[in-house]
Amino acid sequence: MNLNITDKLGIEKQEITIAEGKTYTIDCAAKTMLKAQELFEKDSSLNGMFDVIELLLGKKARKEIDGMNLTVKQLKIIILAIMAQINEISYEEMEKRFQKSIK
């Protein structure tokens, strides 16, 4: 007997668009997510945020986003949006989860 679960694995690529012409594919691999979590825990500085962005979106995304001179609040929005995509939930739901986790 063979149990075929290929349709349940949903190998769709996750993307995020942060500005016109700036759409990036998110690396949603389990290994990548564990590394991102470790980075968050070790370094919550601005550079740490960019390290997580690079890990999940790539070097090109890091360079382009860094060049946008965003505020810390805007960077947090980008990271929340990435996490929402990874978890396959809406941005609003991810925002609620994040609010609960910091209380």
Side-chain angles (χ1 to χ4, degrees):
M1 180 174 173
N2 177 25
L3 178 59
N4 185 345
I5 61 167
T6 55
D7 60 329
K8 295 190 183 312
L9 293 177
I11 315 282
E12 294 177 29
K13 65 180 183 176
Q14 298 293 330
E15 294 181 327
I16 181 173
T17 301
I18 61 167
E20 189 167 330
K22 295 191 185 321
T23 298
Y24 308 102
T25 300
I26 303 169
D27 181 349
C28 296
K31 288 180 187 179
T32 306
M33 287 308 306
L34 291 173
K35 287 180 188 175
Q37 187 174 4
E38 286 175 18
L39 282 173
F40 271 131
E41 291 170 2
K42 281 203 279 192
D43 187 2
S44 61
S45 71
L46 189 61
N47 192 55
M49 283 191 217
F50 278 107
D51 288 345
V52 170
I53 288 170
E54 181 177 336
L55 180 66
L56 297 171
L57 303 181
K59 288 181 182 183
K60 179 183 175 192
R62 179 188 183 138
K63 184 178 179 181
E64 290 180 353
I65 293 168
D66 189 18
M68 294 174 73
N69 294 317
L70 301 171
T71 66
V72 171
K73 181 179 178 181
Q74 290 169 323
L75 286 173
K76 287 181 179 179
I77 289 169
I78 290 172
I79 291 173
L80 273 177
I82 293 168
M83 298 307 292
Q85 281 293 83
I86 289 169
N87 288 288
E88 298 182 31
I89 60 174
S90 71
Y91 177 85
E92 293 75 19
E93 179 61 29
M94 190 70 229
E95 195 171 35
K96 286 178 192 171
R97 289 183 186 186
F98 182 74
Q99 296 288 338
K100 288 177 187 174
S101 71
I102 59 172
K103 288 185 179 180

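Only this structure's heavy atoms are used, side chains among them; waters, hydrogens and symmetry mates stay out. The structure presented is a predicted model; accordingly, all values stated were derived computationally and were not measured.
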Interatomic spacing from [atom1] in [X] to [atom2] in [Y] - rounded to 0.5 Å:
X   : Y   : atom1 : atom2 : result
I26 : I82 : CD1   : CD1   : 5.5 Å
S45 : M49 : OG    : CE    : 7.5 Å
E38 : L55 : CD    : CG    : 10.0 Å
L46 : T71 : CG    : OG1   : 10.0 Å
F50 : I65 : CZ    : CD1   : 7.0 Å
E54 : N47 : CD    : CG    : 9.5 Å

Does the side chain to side chain contact (heavy atoms under 4.5 Å, CB included) test come out yes or no for E95 and K76, once each step is laid out?
CA-CA 10 Å; E95 195 171 35; K76 287 181 179 179; over 6 Å; no
Can you tell if the side chain of L56 reaches within under 4.5 Å of the side chain of I79, non-hydrogen atoms only?
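They are not in contact (no side-chain heavy atoms under 4.5 Å apart), so the answer is no.
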Would you mind reporting whether I18 and Y24 have side-chain heavy atoms less than 4.5 Å apart?
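Yes, their side chains come closer than 4.5 Å.
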Could you walk me through whether L70 and I77 pass the side chain to side chain contact (heavy atoms under 4.5 Å, CB included) check?
CA-CA 10 Å; L70 301 171; I77 289 169; over 6 Å; no
Quick check: does any side chain N or O of Q85 sit under 3.5 Å from a backbone N or O of E15, one acting as donor and the other as acceptor?
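Indeed, once roles are kept as given, a pair shorter than 3.5 Å links the two residues.
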Please check this pair: side chain of D66 against backbone of R62, looking for a donor-acceptor N/O pair closer than 3.5 Å.
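Between the backbone of R62 and the side chain of D66 there is no qualifying donor-acceptor contact (under 3.5 Å).
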Decide, yes or no, whether a salt bridge links R97 with E93 under the criterion of side-chain N to carboxylate O below 4.0 Å.
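So R97 pairs with E93 through a salt bridge.
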Looking only at heavy atoms, what is the nearest atom pair of [X] and [Y], with distance?
X   : Y   : answer
V52 : A36 : CG2-O, 4.1 Å
S90 : A84 : O-CB, 3.8 Å
A19 : M68 : CB-CE, 4.1 Å

Should V72 and L57 be counted in the same cluster of Ile, Leu, Val, Met, Phe, Trp and Tyr side chains packed under 4.5 Å apart?
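As far as the 4.5 Å side-chain criterion goes, L57 and V72 are connected within one cluster.
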Over 12 foreign heavy atoms within 6.0 Å of NZ, K22
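Check passes, neighbour count above 12.
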